[in-house]
Engineer: 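First the structure, then my questions, so here it is.
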Amino acid sequence: MTWSCVNDLVADDWLKLKRFGLSDAEIAEWCDTSEDDVRAKRRACGARPSYRRVDSCAGEVQAASTYYYSTWGEADEAAPETGKPRVVILGSGPNRIGQGIEFDYCCVHAAQSFRALGYEAVMVNCNPETVSTDYDTSDRLYFEPLDVESVLAICDREQPAGVAIQFGGQTPLKLARALETAGVPIMGTPFDAVDLAEDRERFGALLRTLGIACPAWGIAATPADARAVAARIGYPVLIRPSYVLGGRAMRVCYSPADIGDIDRPVLIDRFVERAVEIDVDAVSDGTDTYIGAVMQHVEEAGVHSGDSACVLPAPSLTEAEDAEIRSIVSRLAPALGVVGLLNVQLAVADGRVYVLEANPRASRTVPFASKATGVNLVAAACRVAAGATVRELDLPDATKLGHVAVKAAVLPFARFPGADPILGPEMRSTGEVMATAADLPTAFAKAERAAGRPLPATGTAFLSVHDADKDALVPVATALSELGFRLLATTGTADALAGAGIDVVRVRKVTESGTGPTVVDLIRRGRCNLVVNTPFGSGARSDGYLIREAALVARVPCITTLSGAAAAVHAIANARHEESLSLQERISETRAA
């Protein structure tokens, strides 16, 4: 049998190919045609998948399962007809760094919200360990891959009133174009808004039209192009692919030598150093926008938002900066055409606000923001996607928060011997915790303790920072000294601290000659209770590897950003014991005030 042309295939041929496990995309590649053409020819021959219930009773009795899987050439088990309109909710697929349980939270609340609105919630997700795939979360669940062929086949079967693409992270957004082209209605934010936010040239033009600042940027397809763009906008630069997930393949370059190989078009942004990074989660109906939360990252811009601790409300913003950020998001959402959730990441440097990126979907901070404020942003987005306006939702004023909430990342480095526990633009955390308190130091200390990094109350602190951080380290070291910590430092850092009148003991690096233990020896022997080590540049980001590795093995808190060190010291100095209160009690107190 020859498979060179899909026109030669009949129904039995299609079934054989499908039972071999070949996708439409693979067949299209071999036949030198498009996936859409293959799909049309296959469907014209009547070759479509059948759907069977997962037999949860092992054949003992008839199963009433709502779990479905696809097969080929078998009898189809039809879904029950209830007369309700249906919404297909696309999940995030397998859990992996950059996309996981936060989006599962959003999918669960989306299913619950659409069901409450009178829809049948049909979930598509291929991860059986998530809550979104529990038996009672949705009306029906399809254990199917989140690819174009599988999702279109399910939509063909379900004939939904719409498909919700904004709750499962980046994966569903990649399907938006194919869904819209196939005539499948998208619930809420349309594909054009997704493309407008992701296409940097279109997005940059929109920002210019709105008068909103963003870091200088360019697009490059080769290393030579990249070096030319970087030279034009100025180092350091951030290089990243489009439609990035979890910061994968992102890197900060400090010189032409750092750019390396480039085999596909990439975005190159001016990297704003020493900036405060802000995350905003909002809900828009295309006209009005509700700002759900303005959150501040503890780490400076350049550390992936999934790895940075996050504080609500933002402690460093002035009243004018906060107002400007809210104004930017309120103008940007309708200009993009967002109908539902929107996440905007911004940087504030030298009193100026820059937009880094906008994501017309649920972000990984939506669960945190919803819990901290008591406003279910997913439920609000579902109502807006179903046709309600923001004004009709009558949501409470999210600017009035009577407590401080902190989200801290759970990092997996201790499980991977030899890993370098440094934070950067590529996400590495595998979970997160949340803590609330009446003040920031107490909330931060609680969050770090919950994340498995309890901050020491006293002891010995080792400090080693790059030259650009030495002046800013002085107040951190002063505070540690006043708290009773004994300070150790390598030569360069020790000289800077001694010059500021701070008592410090010099210790040598592993590569330095001399007598006495090195800093790595002291950490391994349990002589250090806290390590602060900030790298700089691509080469220097590896210089402190032995120090950080030793701290990781010894389970000593190791902080690799100066902003993180300042927050930790502030928490050590000012955290206090307080009566434990639930989130509901804290939110009730806020609304009663």
Side-chain angles (χ1 to χ4, degrees), residues 272-282 291-303 305-329 343-354 356 363 365 368-375 397-409 423 432-451 453 455 472-473 475-476 478-479 532 559 561-576 578 581 583 586-587 589-590 593:
V272 184
E273 292 193 295
R274 311 283 175 220
V276 174
E277 188 162 353
I278 301 294
D279 245 309
V280 179
D281 282 321
I291 308 297
V294 178
M295 299 158 281
Q296 178 178 329
H297 294 185
V298 170
E299 280 74 19
E300 297 166 341
V303 173
S305 60
D307 290 347
S308 177
C310 192
V311 181
L312 179 65
S316 297
L317 294 181
T318 65
E319 190 173 323
E321 290 168 344
D322 182 80
E324 183 179 356
I325 287 169
R326 293 175 184 274
S327 173
I328 287 173
V329 176
N343 172 260
V344 182
Q345 295 181 21
L346 311 99
V348 181
D350 300 323
R352 192 174 185 192
V353 179
Y354 300 89
L356 301 179
S363 70
T365 52
F368 169 64
S370 297
K371 293 175 183 179
T373 62
V375 178
D397 185 356
T399 61
K400 297 178 180 178
L401 197 65
H403 59 273
V404 176
V406 173
K407 175 180 74 73
L423 304 179
E432 62 187 24
V433 298
M434 173 182 172
T436 61
D439 57 75
L440 174 56
T442 305
F444 187 85
K446 288 169 67 175
E448 287 296 293
R449 185 166 62 249
R453 302 183 294 269
L455 299 173
L473 179 66
V476 173
T478 300
V532 177
I559 303 171
T561 65
L562 203 60
S563 52
V569 172
H570 186 50
I572 293 170
N574 298 290
R576 56 189 176 83
E578 64 173 17
L581 295 175
L583 274 172
R586 291 196 186 278
I587 291 167
E589 286 185 353
T590 295

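Computed from a predicted model, the values in this text were never measured in an experiment.
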Engineer: For a quick test of reading the model, state the closest non-hydrogen atom pair linking Val569 to Ala479 and the distance between them.
Structural biologist: CG1-CB, 3.4 Å
Engineer: Out of curiosity, His403 NE2 to Leu583 CG, how far, rounded to the nearest 0.5 Å?
Structural biologist: 6.5 Å
Engineer: Identify the two heavy atoms, one from Ala438 and one from Arg586, that lie closest to each other, and give their separation to 0.1 Å.
Structural biologist: N-NH1, 3.9 Å
Engineer: I'd like to check Leu581 versus Glu589 (side-chain heavy atoms, cut-off strictly below 4.5 Å). Are they in contact?
Structural biologist: yes
Engineer: Roughly how far apart are Leu346 CG and Ile328 CD1, rounded to 0.5 Å?
Structural biologist: 6.0 Å
Engineer: Answer yes or no: is there a side-chain heavy-atom contact under 4.5 Å between Val276 and Glu321?
Structural biologist: no
Engineer: Step by step, would you call Val294 with Val329 a side-chain contact (heavy atoms from CB on, under 4.5 Å)?
Structural biologist: CA-CA 10 Å; Val294 178; Val329 176; over 6 Å; no
Engineer: Do Leu356 and Glu277 have side chains that approach each other closer than 4.5 Å (heavy atoms only, starting at C-beta)?
Structural biologist: yes
Engineer: I need the minimum non-hydrogen distance between Ala443 and Ala437, along with the two atoms involved.
Structural biologist: N-CB, 3.5 Å
Engineer: What is the distance from atom CD of Glu578 to atom OG1 of Thr436, rounded to the nearest 0.5 Å?
Structural biologist: 7.5 Å
Engineer: Once you round to the nearest 0.5 Å, how far does CG of Asn574 lie from CG of Asp439?
Structural biologist: 7.5 Å
Engineer: Of the non-hydrogen atoms in Val476 and Ala472, which two are nearest, and what is the gap between them?
Structural biologist: CG2-O, 4.0 Å
Engineer: Can you confirm whether Leu440 sits close enough to Val311 that some side-chain heavy atom of one is under 4.5 Å from a side-chain heavy atom of the other?
Structural biologist: yes
Engineer: Could you tell me which non-hydrogen atom of Ala447 sits nearest to which non-hydrogen atom of Ala435, and how far apart they are?
Structural biologist: N-CB, 3.6 Å
Engineer: Nearest 0.5 Å please: distance from the CD1 atom of Ile291 over to the CG atom of Asp281.
Structural biologist: 9.5 Å
Engineer: For Phe444 and Leu455, run side-chain contact (heavy atoms from CB on, under 4.5 Å): C-alpha distance rounded to whole Å, both residues' side-chain angles, the deciding distance at 0.1 Å, then the answer.
Structural biologist: CA-CA 10 Å; Phe444 187 85; Leu455 299 173; 4.3 Å; yes
Engineer: Is there side-chain contact between Thr373 and Leu312, with heavy atoms separated by less than 4.5 Å?
Structural biologist: yes
Engineer: Decide yes or no for Val406 and Lys446: does some side-chain heavy atom of the first lie under 4.5 Å from some side-chain heavy atom of the second?
Structural biologist: no
Engineer: How many angstroms lie between atom NE2 of His297 and atom OG of Ser316, to the nearest 0.5 angstrom?
Structural biologist: 12.5 Å
Engineer: Search all heavy atoms of Ala408 against all heavy atoms of Ala451 and return the closest pair with its distance.
Structural biologist: CB-CB, 4.4 Å
